[in-house]
Amino acid sequence: MLPTELIGRFHPLIVHLPIGILLFAFAMMVFQRIRKIDIDVVIGFALFSGALCSIAACVAGWFLAQSGEYDAALVAKHQWTGIATTALAALAFALKRFRWVLMVSTVILLTLAGHYGGNLTHGEDYLFPKKKTAQSVNIPNLDSLQTVELASTTDSTATNSGNEGVPQTVERKTFIYRDYVVPILENKCYSCHSATKMKGGLRLDTEAFIKKGGKNGSILSPGNPNASSIFSCLLLPPDDDNHMPPKGKPQLSEQEIAALHFWIKKGAAFQEQIETITIGAGSSPTALAIPSLKLAELPKAPSADSLAAKGSINASVSRSSQEAGILSTPVEVATPAALAQLQQNNIIISDFGQGSNYLMANFVNVKKYRATLLDDLKSINNQVLRIRLSNQPVQDDDLKKLASFKNLTWLNLEKTSISDAGLSHLQNLPNLEQLNLYGTNITDRGLLALPKCAHLKTLYLWQTKVSPTGVEQLKKAMPQLQIVMGGFQFVKPDSMGAGKKELPSGNKQAL
């Protein structure tokens, strides 16, 4: 995590200090006038402290706004009312003669700034919720989805209606996205993924934005729920950083998860679908059947016992031609003892399915990273094709330990502590195809080492210190390389379009 990003995350905490202190100062002014006592020293100290805390809140808020995850127009309102509040509080401290006028103005602006901030966090209808109209779609009772028919969406027209005793061909209209998916997203996801707030650069309030995905790439793979992060993130342990909705937010029920699974499995259609079905004589059209989903049977993080017995867990991943070539080459199975040791250190080991002995290593759940964990990983270096070390304090020297991972194709170093010196160690990885350096301190000098990675196809450089000149030089040296920079432009989002803001693309679902 970058230092500026860390400072930004303190804004929700810091911003409450000036609110309380400035309101206390105003209350003391009212109390002083009523009781006719001299407490100017207390009021002055409160105003000075409140103005100082307001400055700190403005700085942290500015850094938080740079994430681009909030509506630009609403951010601007919150930002400028906050800055104006800070200026008035400072003037109220310095100009005692005009303190009453300045403080009344401060309280008014403080109220507005707080209101806009609440809208950013909880949505624009948080304070005054909008009443749902008669046309609003409510989430149906999903407990009976196996026999429920989509409300107002089944239209049966018999082509042989005049012939009793013979089968009939009828049409059934279903609109799963509108009648089931949208209500679930609206109730459980829009608070963080809509026009007002776009965590991870992701919006889920329109078809175009769902198809576009977020800063980590596509979230939807029609026909394959396990390869769709919009679904697979629901199955992660609640303590996992990637679990959705985040811990503490209202969670989806098993029936709601089943509805999303059913929608994706059927192709994730965003339009009404018309099915032609044949029914027996005298029968009525069957209701839309959304089978219940037994979550206990779906893949989850493995236990130590299951790792020792099986060696890994299945994972649905996309494969490049280079990686497919490696997967076609037999490799011995990793020892249960080595896998159990890695599991004990909270390193998630996943396989590529279909009986493959090749593995992926994910450090996302490692709470206390240390370089010796990479030494432990060396026990399965021939089997490991992908490694995710994101958000860990990985140092340049740690990358030396990866030299023995000759089959490594994907390496995620997102938001680690590596610098230019560390990239020179990656030249020893002959099959490296995808490298994620998002949020690191890499500069143009570090890019000079990458042309020696002959098979490198995708490089993520979003929020690094590389310059456009350095990127152009790298493109000349490696014309086949796809470089993802993800520049931000703060513009008012268009709720009807998905192209107003450029975000880094790519798929990190397997890592």
Side-chain angles (χ1 to χ4, degrees), residues 1-128 191-192 196-199 463 488-492:
M1 183 185 300
L2 296 176
T4 53
E5 185 178 353
L6 178 62
I7 294 173
R9 292 191 178 189
F10 275 99
H11 176 71
L13 171 65
I14 299 173
V15 76
H16 291 88
L17 294 176
I19 293 175
I21 295 172
L22 292 176
L23 290 178
F24 171 77
F26 184 70
M28 287 297 98
M29 290 175 62
V30 174
F31 181 75
Q32 177 180 246
R33 173 158 292 192
I34 294 173
R35 297 297 299 270
K36 308 298 183 182
I37 57 177
D38 183 11
I39 51 174
D40 282 342
V41 174
V42 175
I43 294 172
F45 178 75
L47 289 174
F48 176 78
S49 302
L52 201 62
C53 291
S54 294
I55 294 173
C58 287
V59 172
W62 187 85
F63 283 125
L64 182 61
Q66 303 314 300
S67 67
E69 295 177 348
Y70 300 90
D71 175 53
L74 196 53
V75 166
K77 293 179 181 179
H78 180 57
Q79 172 183 298
W80 289 111
T81 51
I83 292 174
T85 299
T86 303
L88 287 174
L91 289 174
F93 167 73
L95 304 176
K96 185 177 180 181
R97 180 180 176 183
F98 304 102
R99 183 167 290 176
W100 269 101
V101 175
L102 291 170
M103 276 305 294
V104 170
S105 302
T106 298
V107 171
I108 294 173
L109 281 173
L110 183 64
T111 303
L112 285 174
H115 173 65
Y116 293 137
N119 287 350
L120 281 169
T121 304
H122 304 290
E124 292 191 78
D125 60 347
Y126 178 73
L127 187 59
F128 303 105
S191 61
C192 292
T196 303
K197 188 176 183 181
M198 294 165 282
K199 295 295 290 182
Q463 289 190 4
F488 273 108
Q489 290 182 347
F490 286 98
V491 295
K492 186 175 182 178

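For this chain, numbers begin at 1 and follow the sequence in order. Quantities reported herein were computed from a predicted structural model and do not represent experimental measurements.
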Return each pair, listed once, that meets salt bridge (Lys or Arg N to Asp or Glu O under 4.0 Å) where at least one residue sits in [range]; pairs must be two or more places apart or across chains.
range: residues 44-63; value: none
range: residues 15-31; value: none
range: residues 97-113; value: none
range: residues 52-62; value: none

*asked:* I'd like to know whether CH2 of W80 has more than 12 heavy-atom contacts from other residues, nucleotides or ligands below 6.0 angstrom.
replied: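 Check fails, neighbour count at 12 or below.
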*Determine the minimum heavy-atom distance between A113 and H78, stating which atoms define it.*
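It is O-ND1, 2.8 Å.
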*What are the two closest non-hydrogen atoms of T106 and A89, and how far apart are they?*
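Residues T106 and A89, closest heavy atoms: OG1-N, 3.7 Å.
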*Trace of the side-chain contact (heavy atoms from CB on, under 4.5 Å) decision for V30 with W100*: CA-CA 10 Å; V30 174; W100 269 101; 4.0 Å; yes
Extract all donor-acceptor atom pairs below 3.5 Å that involve side chains of residues 37-51 and protein atoms in other chains or at least two apart in sequence.
from : atom 1 : to  : atom 2 : distance (Å)
D38  : OD1    : D40 : N      : 3.2
D40  : OD1    : Q32 : NE2    : 3.4
D40  : OD2    : K96 : NZ     : 2.6
S49  : OG     : F45 : O      : 2.9

*Nearest-0.5 Å distance that lies between atom CD1 in I83 and atom CD1 in I55*: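 CD1 of I55 is found 11.0 Å from CD1 of I83.
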*List in chain and number order the residues that pass side chain to side chain contact (heavy atoms under 4.5 Å, CB included) with L23, two or more places apart in sequence or in another chain; answer none if no residue qualifies.*
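L23 satisfies side chain to side chain contact (heavy atoms under 4.5 Å, CB included) with I19, V107, L110 once adjacent residues are dropped.
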*Residues in side chain to side chain contact (heavy atoms under 4.5 Å, CB included) with A60, at least two apart?*
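With neighbours one apart ignored, the set is I7, H11, I14.
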*Side-chain contact, heavy-atom cut-off 4.5 Å: Y116 with T81?*
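Heavy-atom side-chain distance check passes, below 4.5 Å.
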